[in-house]
Amino acid sequence: MEYNFNDIEKKWQDKWRKNQTYKVDVDASKPKFYVLDMFPYPSGAGLHVGHPLGYIASDIYSRFKRLNGFNVLHPMGYDAYGLPAEQYAIQTGQHPAKTTEINIKRYREQLDKIGFSYDWDREVRTCDPDYYHWTQWAFTQMFKHYFNTKTQKSESIVSLIALFETEGNVNVEAATSQEEVFSAEEWKGFDNIKQQEILLNYRIAFLAETQVNWCTELGTVLANDEVKDGVSVRGGFQVTQKKMKQWSLRVSAYAQRLLDGLDTLDWTDSLKEVQRNWIGRSEGASVNFKIKEHADIIEVFTTRPDTLYGATFMVLAPEHELLSQITSNDCKEKIENYLESVKGRTERERIADVNKITGEFTGAYGINPLTGEYLPIWIADYVLSGYGTGAIMAVPGHDSRDFAFARHFNLPIIQVVAKEGDVPTDPATWDDSYDAKEGKMINSGIIDGLDVKEAITKIIKHIEDEKFGYGKVNFRLRDAIFSRQRYWGEPFPVYYKDGLPQVLDDDKLPLELPEVDKYLPTEDGQPPLGRANGWETENGEPFELNTMPGFAGSSAYYLRYMDPKNSKGLVSKEANEYWQDVDLYIGGTEHATGHLVYSRFWNKFLFDLGYVCKEEPFKKLINQGMIQGRSNFVYRVKGSNKYVSYNLRKDYDVTDIHVDVNIVHHDVLDIEKFKNWMPEYKNAEFILEDGKYICGYAVEKMSKSMFNVVNPDVIIEQYGADTLRIYEMFLGPLEISKPWDTSGIEGVHRFLKKLWRLFYNADGKIEFSTEKPTDAEQKVIHKTIKKIGEDIEKFSFNTSVSAFMICVNELSDLKCNKKEVLEKLAIILSPFAPHVAEELWSVLGNETTVVDALFPDFDESYLVENTKKYPISFNGKVRFTLDMPTTATKEEIEKAVMAHEISQKWLDGKAPKKVIIVPGKIVNIVV
RNA sequence: GCCCAGAUGGCGGAAUUGGUAGACGCGCUGGUCUCAAACACCAGUGAGGUUACACUCGUGCCGGUUCGAGCCCGGCUCUGGGUACCA
């Protein structure tokens, strides 16, 4: 029998399905292992060969763990809500649920062909009411809790109300936007509306005014990356900054815990670093500045309170709330002009434009609390309203942005820190500020002469004693805006009573997404849900019109997989306590900040409430690299329909044209296929080299427009899923980006055919021997078992594939057909090539599936070498090799080396200066 | 700008973490088989050099440490990714 991969793969996929080979359940008799892929958004384009890379890696690891006796949870599902489906719905009128369903079906067909070991009974879809029931439920829980900063935990809003009733909010330490202080008596005196407004300031899920990029034409809020040059990327419509009531999640409350948790995780340092930067903890002080001739106070956050004596001006964000009150009459016009000029710019644009220094003087002065000096107050868009207090004290001597600003507007610069050993110089002569946090304080009153660290401690104490500020830790991490003006997302389980939001009771969940006539905003600018008929409670209270964002459904899906059919809760206690957390999570780097911050937050919240037993959801995480496309080009001679081959193109004036990589083989163009590819090439003429048309190539993003997309289905049809799986791994290290070039796949395919011939003789008959393997055969297989086991644990799958090739090459050379050896080979190969391994395992006479076999142990005794080929080098250059017994002593080795004739040549009669012998490694002789 | 990762044959990539650079595969060259092709198999393949050896050079660039550096240290160049005036 030939290696007929199509039949074999279909046969085993059917059997696995029929026998429910990959179904898993809680099983206390076995240790658990949870392997998770980042679930995909099912796009209309289907999968290309880049997508399954991570899935194949995780599948190999899952199968390996199962062979080692673990009960492996390895599920898959779909992140089914998303913008493309909604856009398509707007264009075609088709319900996004319908197109999503079609896309999912296509994804499933493609995934099934690759032979994954997913337990499909556990599939989840974020758009399924049985699933988003629990997304909505989690939201209602967030509505019903607040974050106690003293205990660093989320606690019930009911307990908060009890506190208010006994002592007001004076002693409450909470993550809140509430500023007004009230007593118990006052609280009791407030009416229900006032009380609800106050509570909203404490809830983890809260409604707040937020600055958003509003696009009137599209009737929606846009993300920063959907806006460019003040207009929407899609459509080019005007975008303005607008304040809107939006649901937000108080993610920032968890900033410290999100930071601390990183230390417990087995993630790469670079990924942890990205998260740390995103959370952005900084220590410093909050300082209050009085304003000349005004009662108001400007609160400022600084990480350098030590430089307070060096502050020479202040800067407010253009959005600062005190701006209109403090602006002097003669400056009003200029300030308004300035505000007009920055209005259209998004935060990202303001930040990105480093070279353009803009700002305007308000006419007001702050008062330095230490010196009583007047500091002119400016506004500038380099100060952001979303960070700190939206106001800074500017210390141009020791902050490079302040320095640039001071230079540009001719503001004074004072030196207050001098580098150890340096004499103070005139800042007017400086090219840049001195930002380093080291040196001695000068010109600094009570902290003069101290070094920076001491100065910070002392000045904070002073600020606190004098009551114009306090030491403070600030975070960059902001609360997550949770409202979207879209149709295709989870509806909020929220209705409005007297204009105030209330959440639905648990027994009213899920609140299902209603039908609408069009997927567009209403005429008066309401979100699409404004079109739904009867979108209100039984009592006529209107439901929320916004829907939830993409990250809502992906924040707890790993928990749902543990218990996907549970109608009583997100996950049962039993299932959660068994599966606990994700042992291995594989996905792309693009989720390094968004998804991985939000789901950690979500999980910590559920942990506080006692619904999950682990505080961190993803123990180990690996980012797979991107598969890039490898594009091919043809070269058209300008002004003609003639195409010149790659190496001849220099003699002509040519245009590079992308050509479909699927009609190019080893960079040779299939001319007939090219002529039929598009009508314009029908009558193309060619200038060939050696009778062939050679194409050029380039590594680019894999995309339709580059004609370099390769579909896994096509590869599978031609070479089989096992070849695809192995080739994807063989391309290079998992974490690294690398180009896809179908050319190399034949080597992998040849390897599988060669493997097949170890089992089948020249007549195509299965033939194996039950005799004991020879030592040479044992050595080959045991060496491979060892290498494969180690490589899989290191996720070094490309080197495992080489090891398999070497193993098959060596067994072929030995003409080995011993059952004992072949059987072990089938098992260790099965995670990589499950179909062919299963087939070969079964033809050896096994009745059970190879999936349930035991990964063989290797026997060290077969691996012992008794001779070592020593490289003998002179002055570090290898001149010859010498076989010595591994037991040889240094003295014996030296004697043998010195006696060798080539040594005599290199010694040239001289005595060696030094002889270095590392037993088992090398010999080096210094002459 | 900052952070992270990387740079090794014609190509994808190996290298036990300081010890024979280029495993494995692709491609290419020659050969066997075949009427021919495909498949398969065998041999060769970093550059220079030689009939063949010998030998010389060689892991982005410059310098250093070491008996010995692709790997460690200092400085630079380039590429990819992330991030963004975060006070």
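What you see below is based on every heavy atom in this structure, not just the backbone, and it leaves out hydrogens, waters and symmetry mates.
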Nucleotide N/O of nucleotides 62-65 of chain B paired with protein N/O under 3.5 Å:
none

Between A14(B) (P) and Phe804(A) (CZ): distance, integer Å: 17 Å
Whether over 12 other heavy atoms sit under 6.0 Å from Lys472(A) NZ: yes
Phe551(A), CZ atom: more than 12 neighbouring heavy atoms under 6.0 Å: yes
Identified stems (criterion: three or more consecutive Watson-Crick or G-U pairs, under 3.5 Å), RNA chain B: B:1-7 with B:77-83, B:10-12 with B:24-26, B:27-32 with B:40-45, B:46-48 with B:55-57, B:60-64 with B:72-76
Verdict with supporting geometry, Glu790(A) and Lys787(A), salt bridge (charged side-chain N to carboxylate O under 4.0 Å, His left out): CA-CA 5 Å; Glu790(A) 287 169 355; Lys787(A) 172 82 174 150; over 6 Å; no
Side-chain touch Glu728(A)/Phe797(A), heavy atoms, less than 4.5 angstrom: no
Arg630(A) vs Lys754(A), nearer the 5' end of RNA chain B by closest nucleotide: Arg630(A)
Spacing of Ile627(A) atom CD1 relative to G80(B) atom C1', expressed in whole Å: 15 Å
Among G82(B), C11(B), C67(B), the one nearest Val274(A) by side-chain distance: G82(B)
Arg401(A) charged N/C atom sitting above Phe405(A) aromatic ring, 6.0 Å / 45°: no
P gap between G70(B) and A21(B), integer Å: 8 Å
d(CG, Asn875(A); P, U66(B)) in whole Å: 15 Å
Side-chain N,O (Arg757(A)) to OP1/OP2 (C41(B)) below 4.0 Å: yes
Whole-Å P distance, G60(B) and U56(B): 22 Å
Ile622(A) CD1 to A5(B) C1', straight-line distance once rounded to whole Å: 16 Å
Euclidean distance for P, C76(B) against C26(B) (whole angstrom): 43 Å
Contact letters for nucleotides 19-28 of chain B, in which S counts primed atoms plus P, OP1 and OP2 and B counts the base, heavy atoms under 4.0 Å: BB--BBSSS-
C1' spacing across the pair A7(B) / U16(B), given as an integer number of angstrom: 23 Å
Residue mapping more 5' on RNA chain B - nearest nucleotide basis, Ala391(A) or Asp813(A): Asp813(A)
Rounded interatomic separation in angstrom, taking CG from Leu734(A) and P from G13(B): 13 Å
Rounded distance (Å) that lies between atom P of G10(B) and atom OH of Tyr697(A): 11 Å
Please list every donor-acceptor pair under 3.5 Å in which a side-chain atom of residues 868-875 of chain A meets a protein atom from a residue at least two apart or in another chain.
unit_1	atom_1	unit_2	atom_2	d
Tyr870(A)	OH	Gly920(A)	N	2.7
Ser873(A)	OG	Val923(A)	O	3.1
Ser873(A)	OG	Asn924(A)	OD1	3.3
Asn875(A)	OD1	Val927(A)	N	3.0

For RNA chain B, the residues among residues 397-404 of chain A that have a non-hydrogen atom under 4.0 Å from it: Arg401(A)
Protein N or O to nucleotides 52-60 of chain B N or O, pairs below 3.5 Å:
unit_1	atom_1	unit_2	atom_2	d
U56(B)	OP2	Arg879(A)	NH1	3.0

Separation of atom CZ in Arg476(A) from atom C1' in G82(B), rounded to whole Å: 12 Å
Span that lies between the C1' atom of U59(B) and that of C78(B), in whole angstrom: 16 Å
Geometric class of the Tyr727(A)/Phe730(A) ring pair [parallel <30°, tilted 30-60°, perpendicular >60°]: tilted
Six-ring centre of Trp740(A), Arg630(A) cation under 6.0 angstrom, axis tolerance 45°: no
Contact under 4.0 Å: Lys914(A) side-chain N or O vs C67(B) OP1/OP2: yes
Whole-Å P distance, C28(B) and A15(B): 27 Å
